[in-house]
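Because only heavy atoms are used, hydrogens play no part in the values below, and waters and symmetry mates are left out as well, while side chains stay in. Within every chain, numbering begins at 1; the chains are lettered A, B, ... in the order of the sequence lines, protein sequences first and strands thereafter.
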2 protein chains.
Amino acid sequence: MVTIRELAKKCGCSASTVSMVLNNRPLARYIPATTKATIRQIAVEMKYQPNIFAQSLRANRSYTVGVMVFDITDPYCTYILRGIENKLNAASIAYLLFDAQNNRERFDRNLESMLQRRVDGLILVANSLQTDPAVLEKVEIPHVPVVVIGRELRGLEFASTVVINNHRGGYIALEHLYTLGHREIAFIRGPKTIADSVLRWEGIGKFAKEANLKISREWTLELVEVPTTSAEGLEAVKSLLHAGRRRFSAVLAFDDMTALGVIRGLSEAGLEVPRDCSVIGFDDIDAAGYYNPPLTTVRQPMLRMGEEAASALLDYVNAGQKKRKAQVVHRVLEPEIVVRRSTGPVHKAQKKTAGQLHEARKSGEQ
Amino acid sequence: MVTIRELAKKCGCSASTVSMVLNNRPLARYIPATTKATIRQIAVEMKYQPNIFAQSLRANRSYTVGVMVFDITDPYCTYILRGIENKLNAASIAYLLFDAQNNRERFDRNLESMLQRRVDGLILVANSLQTDPAVLEKVEIPHVPVVVIGRELRGLEFASTVVINNHRGGYIALEHLYTLGHREIAFIRGPKTIADSVLRWEGIGKFAKEANLKISREWTLELVEVPTTSAEGLEAVKSLLHAGRRRFSAVLAFDDMTALGVIRGLSEAGLEVPRDCSVIGFDDIDAAGYYNPPLTTVRQPMLRMGEEAASALLDYVNAGQKKRKAQVVHRVLEPEIVVRRSTGPVHKAQKKTAGQLHEARKSGEQ
DNA sequence: TCCCGAAGTTCGATTTAAATG
DNA sequence: GCATTTAAATCGAACTTCGGG
């Protein structure tokens with residue numbers, strides 16, 4: 001690897017001159033254009049690449065940010081990551097990836113690791129288990145700027161946030177089912193420990209109130225585990241069906257994974273989606289698009305969330321570099337409904353709702 | 001941030017002493033145990049953390065490896081990544097993640113970027129578009145050790161590989177269908193440009209020959225695009241069904257994404273899986289497990305592939321550090337069949353095979 | 001005074017060579 | 001000669017300061 005001194009020798013000048021020229025410093029302003037051109041040319045010829053270790057040491061910057069996701073195998077995370085990558089790439093900033101694997105100890109270890117490596121900033125893709133403000137206190141010490149995705153978090157003067165309007169998401173999900181004529185709807189709520197879940201439920205409540213729709217407690221289940229899995233959705237819908245005479249013509253699930261399990265549960269019980277029962281999810285993960293049948297869902301703009309987060313972080317870091325005062329931002333993105341084939345109107349022909357149909361078939365089988 | 005000199009002052013000794021003690025250098029051997037203990041204790045109290053920039057500059061190592069995947073939104077990649085993460089984490093090595101996004105220019109840019117950042121080694125999760133040996137030539141120049149996952153590549157003395165036995169995979173996939181009684185089988189091959197695809201096809205051919213099974217050219221389609229999508233699987237099976245009087249009772253798809261599309265295509269054509277037609281995939285991505293119905297597939301041990309790759313890289317890097325001669329390795333992992341619900345026996349009652357059934361229904365509808 | 005360029009210092013940890021009692 | 005410690009050099013880029021024309 002060629003150093004700046006070797007390059008300087010070849011150019012017949014000093015290292016300072018080379019440095020100033022290649023970095024377009026003000027001091028290089030009076031150096032003749034021909035000299036500059038020669039230096040640049042020789043630099044290319046010799047494939048000179050400034051040693052990033054030396055640069056980092058000098059500038060006290062790593063030119064690297066840290067990104068921690070709560071679960072890299074979760075497609076929600078990977079699309080956010082794609083958004084982050086797009087922005088960072090454009091700014092020639094590389095990133096260290098850390099995966100918390102839904103595990104608090106790992107989360108803490110990773111955080112430690114990122115700080116030890118002196119990242120210029122960090123992005124946390126959070127499920128709510130992990131990012132209570134307390135966790136971030138240790139981040140404050142070296143004043144590393146942070147952007148948190150997916151978790152409301154105000155009042156920390158070094159932390160920006162990017163979230164979606166979960167309240168609105170819950171609202172439009174129920175609205176969609178209502179518009180299709182559904183009045184008897186089962187709900188599979190997310191764990192109460194998750195902030196998203198609470199907000200979505202409030203949005204659902206708001207629409208119900210406005211539409212004068214009654215939410216039956218008996219058709220409302222609550223998931224307990226994070227992460228959610230399709231297996232839980234499957235179990236949930238089975239217990240709903242076993243609840244007996246209950247009737248419902250649609251299921252509103254906390255998220256896509258749950259919803260996919262619900263669809264499978266209905267299929268296995270001999271019910272067809274959406275003919276016998278509609279199902280709606282939340283997120284719009286890839287699998288929603290290619291499921292059998294494809295899932296209607298409330299879409300989180302994951303790519304944009306990642307891009308916004310990366311932009312916010314870069315702005316903050318660059319501002320700090322130029323000694324301007326950096327501003328935290330709190331962005332709220334709007335979700336949108338994506339209508340596919342898992343929801344449909346309540347047919348006139350559809351005399352019986354899902355629960356009843358199931359009952360009927362069961363008796364028929366026996 | 002406290003430096004080693006500040007720490008030394010507090011300890012009443014020189015920076016050299018502190019350095020030697022904290023790093024357990026041989027020279028520290030005669031330093032009294034009490035002194036050492038004091039130094040260590042004060043280091044903890046002052047929260048001393050060696051500046052990694054300075055360490056890197058001195059040692060000419062980044063203590064960081066680069067990992068490039070071909071598509072971070074592909075679940076195949078994320079499980080491999082999880083395996084890599086597990087091993088690297090245990091060795092306190094962080095990694096820079098790069099995503100080629102199935103794009104050759106990005107691949108090259110990222111490679112450049114990794115080298116510029118002087119990673120200690122790199123892992124490439126390759127689809128075959130990208131890793132012809134020529135690409136790796138530029139890696140050789142700075143003698144950076146490489147591990148390639150998913151692509152056979154011998155003869156480069158700095159590159160290890162981790163692959164699965166694709167030939168065997170194809171063999172056992174067909175064997176599974178054959179054992180269930182299927183004799184009339186449709187094939188959706190992968191693109192010929194992908195090495196995996198060719199090898200799997202050879203394995204299929206081998207079993208067919210041994211079992212004296214005829215592979216009909218008319219029931220064999222070939223995908224052209226990378227990445228594969230479920231949409232292509234759907235299209236493929238539709239064109240198979242439209243081919244008319246053709247009869248087949250099972251479909252062997254190139255990979256899971258394709259297979260999932262096939263299942264949906266069959267469903268949309270009114271055929272039930274596996275009653276009317278069995279479907280088998282390849283990979284065992286998450287979605288295979290929660291699909292409707294769950295997919296029988298040939299499993300690639302992705303977690304292990306990642307772990308093996310990371311281990312191989314660490315071994316190589318550490319060997320180089322200790323000036324032992326580093327060894328490249330070429331690991332071949334065995335795939336295994338995962339039987340779920342998308343395959344079943346050919347029923348005696350199943351008078352007609354999928355193609356015929358479809359024909360029958362079509363006429364019935366008209 | 002203005003233009004051009006170089007010598008020398010800094011960043012922080014590690015290591016070599018050498019110096020103490 | 002031995003146990004114990006340290007001053008000084010090193011890694012490479014960037015910037016401050018200074019000097020010659």
Side-chain angles (χ1 to χ4, degrees), chain A residues 1-40 42-43 46-64 115-118 120 142 321-323, chain B residues 1-40 42-43 46-64 115-118 120 142 321-323:
Chain A
M1 288 279 89
V2 40
T3 71
I4 198 169
R5 261 167 268 269
E6 292 164 358
L7 173 56
K9 189 183 281 182
K10 213 52 142 215
C11 295
C13 65
S14 75
S16 336
T17 309
V18 173
S19 173
M20 291 182 323
V21 169
L22 293 185
N23 295 301
N24 286 313
R25 305 327 283 178
L27 259 177
R29 137 193 61 161
Y30 297 122
I31 296 176
T34 54
T35 312
K36 294 200 216 176
T38 315
I39 291 176
R40 294 211 179 88
I42 299 183
M46 296 183 74
K47 295 187 182 169
Y48 168 68
Q49 291 240 308
N51 184 312
I52 197 171
F53 304 149
Q55 288 183 315
S56 289
L57 178 59
R58 186 72 230 261
N60 198 30
R61 283 189 61 180
S62 58
Y63 305 98
T64 302
L115 296 178
Q116 191 244 320
R117 275 161 191 282
R118 290 169 156 80
D120 295 340
Q321 216 53 26
K322 291 176 185 153
K323 283 158 185 139
Chain B
M1 292 277 87
V2 39
T3 71
I4 198 169
R5 264 167 264 269
E6 291 163 359
L7 172 57
K9 190 183 280 183
K10 230 12 161 235
C11 295
C13 65
S14 75
S16 331
T17 309
V18 173
S19 175
M20 291 181 325
V21 170
L22 294 184
N23 295 302
N24 287 312
R25 307 323 283 178
L27 257 178
R29 146 191 54 163
Y30 297 123
I31 295 176
T34 54
T35 312
K36 293 199 216 174
T38 316
I39 291 176
R40 293 211 180 90
I42 298 184
M46 295 183 75
K47 296 186 181 171
Y48 168 68
Q49 292 242 308
N51 184 312
I52 197 171
F53 305 149
Q55 288 183 314
S56 290
L57 177 59
R58 188 70 231 258
N60 198 30
R61 281 190 61 181
S62 59
Y63 304 99
T64 302
L115 297 179
Q116 191 245 321
R117 276 160 191 282
R118 290 168 155 80
D120 295 340
Q321 215 53 27
K322 292 174 184 155
K323 282 156 186 140

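Straight-line distance from the CG atom of A:Asn51 to the P atom of D:dG12: 7 Å, rounded to whole Å. Rounded to whole Å, the distance from CD1 on B:Ile31 to C1' on D:dC2 is 15 Å. The interatomic distance linking B:Leu27 (CG) with D:dC2 (C1') rounds to 14 Å, in whole Å. We find that CZ of B:Arg61 is positioned 24 Å from P of D:dT10, with the value rounded to whole Å. A straight line from CD1 of B:Ile39 to P of D:dT4 spans 13 Å, rounded to a whole angstrom. Protein atom CZ of A:Arg5 is 11 Å distant from nucleotide atom P of D:dT10, rounded to whole Å.
Comparing B:Thr17 and B:Arg118, the nucleotide of DNA chain D nearest to each residue sits closer to the 5' end for B:Thr17. Along DNA chain C, the nucleotide nearest to A:Ser14 and the one nearest to B:Met20 differ in position, and the one closer to the 5' end is contacted by A:Ser14. With the nearest nucleotide of DNA chain D identified for both B:Gly12 and A:Ala15, B:Gly12 has the one nearer the 5' end.
A donor-acceptor contact under 3.5 angstrom links the side chains of A:Thr17 and A:Ser14, judged on distance only.
Using a 4.0 Å heavy-atom cutoff across all strands shown, B:Thr3 reaches sugar-phosphate atoms only and no base atom. Within the 4.0 angstrom heavy-atom criterion, base atoms lie near A:Leu57.
Open room surrounds NZ on B:Lys10; 12 or fewer heavy atoms of other groups in view lie less than 6.0 Å from it.
Side-chain to base pairing of A:Arg25 with D:dA14: no donor and acceptor N or O lie closer than 3.5 Å to each other. Taking 3.5 Å as the limit, the base of D:dA14 and the side chain of A:Arg58 contain a donor-acceptor pair of atoms between them.
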Could you check A:Leu7 against A:Ile42 for side-chain contact (heavy atoms from CB on, under 4.5 Å), going step by step and ending with a plain yes or no?
CA-CA 8 Å; A:Leu7 173 56; A:Ile42 299 183; 3.7 Å; yes

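Atom CD1 of B:Ile52 and atom CG of A:Leu57 lie 12.0 Å apart (nearest 0.5 Å).
Between A:Cys13 and A:Val18 there is a side-chain heavy-atom pair separated by less than 4.5 Å. Looking at heavy atoms from C-beta onward, B:Thr64 lies out of side-chain contact with B:Arg117 at the 4.5 angstrom threshold.
Taking 4.0 angstrom as the limit, A:Asn23 places a side-chain polar atom (N or O) nearer than this to OP1 or OP2 of D:dA14. Phosphate proximity of D:dG12 to A:Gln55: absent, as no side-chain N or O sits under 4.0 Å from OP1 or OP2.
The nucleotide range of DNA chain C contacted by chain B, defined by atoms under 4.0 angstrom from heavy atoms of the protein and reported 5' to 3', is C:dG12 to C:dA17.
With hydrogens and angles disregarded, no donor-acceptor distance shorter than 3.5 Å links the side chain of B:Asn23 to the backbone of B:Arg25.
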